[in-house]
> 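Take a look at this one; I'll ask things after.
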Amino acid sequence: MREYNHKKIEENWVEKWLRDNVYEAVDFSEKPKKYILEEFPYPSSNSLHAGHVMRYTVPDVYARYLRMKGYNVLFPMGWDAFGLPAENYAIKTGIHPAKITQDTIVNFKESFLRMGYGIDWEREIDTSDPNYYKWTQWLFLKFFENGLAEYKETPIWWCEELKTVLAEEEVLTDKDGNKISERGLKPVEKKMLKQWVLKIPEYAEKLLQGLDTVDFPESIKAAQRNWIGKSEGANISFEVDGESIEVFTTRPDTIFGVTFMVFAPEHPFIKKVWDKIENQSDVNDYIEASKNKSDIERQAEKDKTGVEIKGIKAKVPFAEREVPIFIADYVLMDYGTGFIMAVPAHDERDYQFAKKYGIEIIEVIKPENAESQDEVLFTGDGVMINSGEYSGVSSEEFKKIVVENLEKQGKGNSAVNYKIRDWVFSRQRYWGEPIPLIHTEEGFKAVCNTQNIKEVNENLPLELPDVPDFSPSDDGASPLERNSEWVNITYEGKPAKRETNTMPNWAGSCWYYIRYVDPKNDNEFADIEKMKYWLPVDRYFGGAEHTTLHLLYSRFWHKFFHDLNLVPTPEPYNWRINGGILLAPDGSKMSKSKDNGIDPMELVDKYGADALRTTICFMGPYDETYPYNPNIIKTVNKLIKNVYSLQEKVSDENSDEPTLKAYHSMVKNISEMIENLKMNTAVSEIMIFINHLKKVEVIGKDIWEGFLKVFSPFAPFVAEELWQEFNGFSEWKKENSMHLQPWPGFDEKFIQEETITIPVQINGKVRTEIVINCGDTEEIVKEKALSDEKVLKLTEGKEIKKFIYVKDKIVNLVL
RNA sequence: GCCGUGGUGGCGGAAUGGUAUACGCGGUGGUCUCAAAAACCACUGGGAUCUGAUCCCGUGUGGGUUCGACUCCCACCCACGGCACCA
């Protein structure tokens, strides 16, 4: 056995593949295109970690397969380079975040190269590069010009430790119900602040409908639908103190059951009618108390609390009745209108509240088929009762009647509400794209008109100034605020100030898949013809953590751009899969603090990138989470050693029949499996085939050639080495690369057997096996089965009621 | 509570109506060796009569459809993920 030296082999090919950009994607090629995308990494720490190689290996195998199948494959990579870790590290060390980021990118790229990922490096992008963020800023100005970016005072999540505001999507709930930041898991609180927001709710309907047109897993679609949170109902105006105030309800059919109304404590109307309130101090106490309660406390309360506002009443339209009004913090200011019609008989929360405060409960719907209704509370659909002339009508029908009537009176209309909130888009941090706006006396001005390319090129990129101190301020101002030279400018002859907040680090990743299509364009964010050729992304691989962050945000940007005719497709990604997580060998999560992780570059040193890649593929399905088993890579390394030695058995002689059969069925199976991303079973096919080859004396040339091809996506280095040697290429030429060769075919005739063994069942239980010729008629099989010794014994004296034969598969006798 | 995904050997997993556990890890026994490691070979779901063999049980639980169910249908249990006073 000759010596397999993975280091020597892998170093050699890394350099040659890069120099000649073997994995080049060609714009406007005649070949059919495939755009295979994986979420680009945030460059932090020294090199790729286990999670990265877990994410990137399977897409690379798939992209390599498609390339060999004759597709023009775009498989790009770049750096999501703005963000907090580099900035925090910079604050600690005093080294500029740009410097830290660039150093890290160098290390990351080296890791990518060592892993043998087949990337077109001519398309590498970096979101912190001014040539890139020039266009991120330009795209932001499109939102601004179209009224979708607004400076607005709203309740916003503030993280004291990160010293910045966060978007709704960046806030998680921990096990104890505390709200924490998505990055860093730090506590957050709600504050009223003026911030830049992007009006994603205006795209709620489009984002929802688009989900029906894309091939995403149900879990992602469900999570996004849930996040968007559409509910259909009606807006109904109630008369309160001579004024008309709207509520939103999904159940206008319960209007006869309204026995009270509730305002959220923050509702501005309270101030407006303050003079009429008889119990001002009670109301004021309640408002103050709920102000001081955190969201967590509000939720932790088992009981609903509230106070009646005495002195004012509400008039229920349609039912024409007066009801009392309360304030209670179970009504939220930022959903619906902050004012609700309460129907205790048909809403759980209203029911609890009414019980506690002894408010009247009127049942207006009873279940369709219930003989007697024990519980007062009923939240389903049914038949109207206690509703005057409408009693007996179905609640679904009554819903329509109510809305139609209110519409005629001008007191209501059917309406839709969404849970999704404005996307808070400014951050009080240094390391991000400056927002290219100017505060003037007449309001905000864009630094340029996006339509005018001359103006654009003069004013963009608005470069992030080099400041001596990039640490965040305690007062919530951006670090850029301290840089007065940069901040204070003249706009149209008058003093003005630059916007000092930066964009969140989602900004660059919202459109990076577009820039890969045309990464070096200085005059456009991307050429429309190139976008027409490459978009949309055919396969998008990434992490589950981005389901309602990046994946929703970038769909929003794309849909907006599509409405402006900037991009040719309505959706950015046609297909999506979320990858699983690699756990530590003991089944716990890998973490730096626990030091239980595995370092992929160490494994590459020890066993080779080929072994690591193949191991990752073999361990399990892409979208599953499972522990790392350190023994597998040893076995896979052995497998590769075997492959390396087996080339010595290759000869001019033809392979024998069993080898031909094993080969053709392997090619058939692996092709199907890679197509379906079942890399784990594809590797097991390779193992089965190699176990077979180890037993044979000679290997035919054609078979070996085909084997190297199917092996190459998994172990590209050793495959290239053996391919060059096998063909006797003395000098490296790009076009001779293993990885640019066509994928092998297979021939069914070798796979089909002449005789096969099939099981014979009696009453559904396997009792014996018989050997038949492929394609034998049912009569012949029946005769064979019935004359089998064991069958004779077991059927003796019994009548065979039914004979079932599934061609070439199974026989079942029913007694 | 609601939505989603999933439950198969000691472990990772294979099989989407036709011989359950492919492939691999681990384990047991053996070869080699003074010995160990490595390498290689054999066995490896549980149980019973017995050691050619034969039979029973077995894919979260309980039902159902079918000649035949891990696979399809109904109900339930559990785990994981998301959302959660959303009117």
Side-chain angles (χ1 to χ4, degrees), chain A residues 1 172-173 177 217-231 233 247-251 254 262 264 295 298-299 301-302 304 328-332 334-343 346-350 352-353 379 417-421 544-545 547-548 578 580-581 583 585 587 615 618-621 623-636 638-639 641 669 673 678 680-691 694 757-769 790 800-815:
Chain A
M1 248 168 87
L172 307 174
T173 311
E218 201 43 51
S219 58
I220 295 180
K221 290 190 179 186
Q224 291 208 355
R225 284 191 193 113
N226 196 334
W227 192 261
I228 294 164
K230 179 179 183 175
S231 10
V247 303
F248 172 73
T249 177
T250 55
R251 297 297 301 270
T254 63
V262 187
D295 272 42
R298 271 201 193 189
Q299 274 174 30
E301 275 169 356
K302 287 171 208 116
K304 305 259 174 294
D329 62 12
Y330 81 91
V331 174
L332 309 172
D334 53 3
Y335 182 78
T337 63
F339 184 46
I340 64 156
M341 59 177 234
V343 186
H346 305 290
D347 181 279
E348 218 174 303
R349 297 148 299 176
D350 300 343
Q352 280 176 33
F353 194 82
T379 56
N417 230 296
Y418 300 93
K419 278 197 276 186
I420 194 167
R421 307 279 149 74
E545 67 275 20
T547 298
T548 49
N578 283 352
I581 295 164
L583 303 172
T615 298
F618 180 63
M619 280 189 304
D623 52 356
E624 294 289 326
T625 290
Y626 37 78
Y628 177 74
N629 179 338
N631 292 318
I632 295 177
I633 196 166
K634 296 178 192 167
T635 304
V636 171
K638 239 178 275 175
L639 174 86
K641 279 181 183 159
N669 291 341
M673 287 163 178
K678 299 195 155 207
N680 53 332
T681 54
V683 174
S684 76
E685 288 291 322
I686 288 166
M687 288 171 166
I688 293 166
F689 185 62
I690 292 302
N691 285 341
K694 273 153 72 179
T757 306
I758 61 163
V760 178
Q761 295 184 332
I762 294 174
N763 289 337
K765 291 193 171 183
V766 179
R767 292 302 175 192
T768 188
E769 288 173 338
K790 188 147 184 214
I800 296 170
K801 290 189 189 130
K802 206 168 172 187
F803 176 88
I804 294 146
Y805 173 55
V806 182
K807 199 168 177 294
D808 298 342
K809 282 261 168 81
I810 200 163
V811 169
N812 193 9
L813 303 171
V814 185
L815 301 183

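Scope of the values below: all heavy atoms of this structure, side chains included, with no hydrogens, waters or symmetry mates. Every value quoted in this text rests on a predicted model; they were computed, and no experiment measured them.
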> Taking the side chain as everything from C-beta on, heavy atoms only, tell me whether A:Phe803 gets closer than 4.5 Å to A:Leu813.
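Touching, per the 4.5 Å side-chain cut-off.
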
> State, yes or no, whether a side-chain contact exists between A:Arg225 and A:Ile228 at a heavy-atom distance under 4.5 Å.
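The answer is no; the side chains never approach within 4.5 Å.
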
> Touch check for A:Ile804, heavy atoms < 4.0 angstrom, all strands: base, sugar-phosphate only, or nothing?
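Result for A:Ile804 = base.
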
> Write down the distance between CD1 (A:Ile686) and P (B:G24), rounded to a whole number of angstrom.
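Those two atoms, CD1 and P, are 13 Å apart.
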
> Between the main-chain N or O of A:Ala342 and the side-chain N or O of A:Asp347, is there a donor-acceptor pair closer than 3.5 Å?
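Absent.
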
> If you compare every side-chain N and O of A:Asn680 against the phosphate oxygens of B:A14 (OP1, OP2), does one of them come in below 4.0 Å?
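Checking B:A14 against A:Asn680, a side-chain N or O does come within under 4.0 Å of OP1 or OP2.
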
> So A:Gln761 and A:Ile804, do their side chains get closer than 4.5 Å, heavy atoms only?
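The answer is no, as the side chains (C-beta and beyond) never meet within the 4.5 Å cut-off.
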
> Does a side-chain N or O of A:Lys765 approach OP1 or OP2 of B:C57 to a distance below 4.0 Å, or not?
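Checking B:C57 against A:Lys765, a side-chain N or O does come within under 4.0 Å of OP1 or OP2.
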
> Nearest heavy atom decides the nucleotide; on that basis, is A:Pro621 or A:Met687 closer to the 5' end of RNA chain B?
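Checking each residue's closest nucleotide, the 5'-ward one belongs to A:Pro621.
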
> How close do A:Ala223 and A:Thr547 get, heavy atom to heavy atom, and via which atoms?
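Reported closest heavy-atom pair: CB-CG2, 3.6 Å.
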
> Students often get this wrong, so: under 4.0 angstrom with heavy atoms, is A:Val766 touching a base, only sugar-phosphate, or nothing?
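The answer is sugar-phosphate, as A:Val766 gets under 4.0 Å only of primed atoms, P, OP1 or OP2.
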
> Using the glycosidic torsion, which applies to B:G62: syn (within 90° of 0) or anti (everything else)?
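For B:G62, whose glycosidic angle is more than 90° from 0, the conformation is anti.
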
> Taking C-beta and beyond as the side chain, do A:Phe339 and A:Val331 meet within less than 4.5 Å on heavy atoms?
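SC-SC contact between A:Phe339 and A:Val331 ruled out.
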
> Mind checking if A:Lys790 touches a base, just sugar-phosphate, or nothing, with heavy atoms under 4.0 Å?
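Sugar-phosphate, backbone atoms only, no base.
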
> With rounding to whole Å, what would you report as the distance between B:C56 and B:C77 at their P atoms?
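34 Å, rounded to whole Å.
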
> So what does A:Tyr626 hit on the nucleic acid, given a heavy-atom distance under 4.0 Å: a base, only sugar-phosphate, or nothing?
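Sugar-phosphate, no base atom in range.
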
> Looking at A:Thr547, does any N or O in its side chain come under 4.0 Å of the phosphate oxygens OP1/OP2 on B:G82?
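No, because none of the side-chain N or O atoms of A:Thr547 sits under 4.0 Å from OP1 or OP2 of B:G82.
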
> State which of B:C25, B:U19, B:A84 makes the closest approach to the side chain of A:Thr173.
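The closest nucleotide is B:A84.
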
> Compare all side-chain heavy atoms of A:Arg421 with those of A:Asp334 and state whether any distance is below 4.5 angstrom.
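Side-chain contact under 4.5 Å: yes.
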
> Any protein N or O atoms within reach of nucleotides 68-73 of chain B? Criterion: under 3.5 Å, listing atom names and distances.
none

> Could you state the CZ-C1' distance from A:Arg225 to B:C2, rounded to the nearest angstrom?
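Atom-to-atom, A:Arg225 to B:C2, this comes out as 15 Å.
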
> Go through B:C85, B:G4, B:A87 for me and flag the one nearest to the A:Asp329 side chain.
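Between B:C85, B:G4, B:A87, the one nearest the side chain of A:Asp329 would be B:C85.
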
> What's the closest nucleotide to the side chain of A:Ala222 if the choices are B:G4, B:G12, B:C67?
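Output: B:G4.
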
> Consider the side chain of A:Ile632, meaning its heavy atoms from C-beta on, and name the nucleotide among B:G4, B:G24, B:C85 that approaches it most closely.
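So the nucleotide nearest the side chain must be B:G24.
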
> In this structure, how many angstroms lie between the C1' atom of B:G18 and the CD1 atom of A:Ile810, rounded?
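Taking CD1 of A:Ile810 and C1' of B:G18, I get 4 Å after rounding.
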
> Should the pair A:Tyr330 and A:Phe353 be assigned to parallel (<30°), tilted (30 to 60°) or perpendicular (>60°) ring geometry?
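Ring orientation of A:Tyr330 relative to A:Phe353: tilted.
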
> For the pair made of CD1 in A:Ile581 and C1' in B:G82, what is the distance, rounded to whole Å?
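It is 13 Å, rounded to the nearest whole Å.
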
> Closest-nucleotide mapping onto RNA chain B: is A:Thr635 or A:Ala544 further toward the 5' terminus? I mean the 5' end.
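Final value for this comparison: A:Thr635.
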
> What distance, rounded to whole Å, do you find between the two C1' atoms, one in B:A69 and one in B:G58?
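Between the two C1' atoms, the distance is 14 Å.
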
> Please indicate whether A:Glu348 has more than 12 foreign heavy atoms, meaning atoms of other residues, nucleotides or ligands, lying under 6.0 Å from its CD.
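12 or below, so no.
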
> Measure NZ/A:Lys221 against P/B:C3 and give the value in whole Å, please.
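Rounded to the whole Å, the gap is 18 Å.
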
> For A:Asn691 and B:G24, is the shortest distance between a side-chain N/O and OP1 or OP2 below 4.0 Å?
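Yes, A:Asn691 has a side-chain N/O under 4.0 Å of OP1/OP2 on B:G24.
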
> Between B:U5 atom C1' and A:Ile220 atom CD1, what is the distance in whole Å?
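Between C1' of B:U5 and CD1 of A:Ile220: 12 Å.
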
> Checking only heavy atoms, does the side chain of A:Lys801 share a donor-acceptor pair with the base of B:C67 at less than 3.5 Å?
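There is none.
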
> Base, sugar-phosphate or nothing for A:Glu769? Non-hydrogen atoms, less than 4.0 Å.
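Counting heavy atoms under 4.0 Å across all strands, the contact made by A:Glu769 includes a base.
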
> Can you tell me which nucleotide in B:G4, B:C83, B:G18 comes closest to the side chain of A:Val806?
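The answer is B:G18, which lies nearest to the side chain.
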
> Who pairs with A:Thr249 by side chain to side chain donor-acceptor pair (under 3.5 Å), at least two apart in sequence or on another chain?
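Testing A:Thr249 for side chain to side chain donor-acceptor pair (under 3.5 Å), a comparison that skips the adjacent residues, returns none.
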
> Starting at the 5' end of RNA chain B, write a dot or bracket for each base, bracketing those in Watson-Crick or G-U wobble pairs whose two distances are under 3.5 Å and using | for partners on another strand.
(((((((..(((.....[....)))((((((.......))))))(((((...)))))..(((((..]....))))))))))))....

> What integer number of Å spans the C1' atoms of B:C11 and B:U21?
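The same atom, C1', in both gives a distance of 13 Å.
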
> I want to check one thing: is the phosphate of B:A39, taken as OP1 and OP2, less than 4.0 Å away from some side-chain N or O of A:Lys638?
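Looking at the OP1 and OP2 atoms of B:A39, one of them is under 4.0 Å from a side-chain N or O of A:Lys638.
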
> Hey, does the side chain of A:Asn631 come within less than 4.0 Å of B:G24's phosphate (OP1/OP2), counting only N and O?
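Result: no.
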
> Check whether any side-chain N or O of A:Lys678 sits under 4.0 Å from OP1 or OP2 of B:A15, and answer yes or no.
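So the side-chain polar atoms of A:Lys678 do come within 4.0 Å of the phosphate oxygens OP1 or OP2 of B:A15, strictly under.
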
> Taking only the P atom of each, what is the distance from B:U19 to B:A38 in whole angstrom?
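Straight-line distance between the two P atoms is 38 Å.
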
> At their closest point, which heavy atom of A:Lys790 faces which heavy atom of A:Arg767, and how far apart are they?
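Nearest pair, atom of A:Lys790 first, then A:Arg767: NZ-O, 3.0 Å.
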
> Would you confirm whether A:Asp350, through its side chain, and A:Val343, through its main-chain N or O, come within 3.5 Å as a donor-acceptor pair?
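Looks like yes, one N/O pair under 3.5 Å.
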
> Using a 4.0 Å heavy-atom cut-off across all strands, classify A:Lys809 as base, sugar-phosphate, or nothing.
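The residue A:Lys809 makes sugar-phosphate contact but no base contact.
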
> So do A:Tyr628 and A:Ile633 actually touch side chain to side chain, heavy atoms under 4.5 Å?
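Yes, close enough: below the 4.5 Å cut-off.
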
> From the set B:G12, B:A14, B:C67, return the single nucleotide nearest to any side-chain atom of A:Val814.
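Shortest atom-to-atom distance from the side chain points to B:C67.
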
> Tell me the interatomic distance from A:Lys807, atom NZ, to B:G17, atom C1', rounded to whole angstroms.
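Taking NZ of A:Lys807 and C1' of B:G17, I get 19 Å after rounding.
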
> Round to the nearest Å and state the distance from A:Glu624 atom CD to B:C80 atom P.
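Those two atoms, CD and P, are 15 Å apart.
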
> Remember a base hit wins even if backbone is also touched, and classify A:Thr337 as base, sugar-phosphate or nothing at under 4.0 Å, heavy atoms.
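No contact.
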
> So what does A:Arg767 touch, heavy atoms closer than 4.0 Å: a base, only the sugar-phosphate, or nothing?
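Sugar-phosphate, backbone atoms only, no base.
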
> Would you indicate which nucleotide in B:A87, B:U5, B:C23 comes nearest to any side-chain atom of A:Thr249?
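It is B:A87.
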
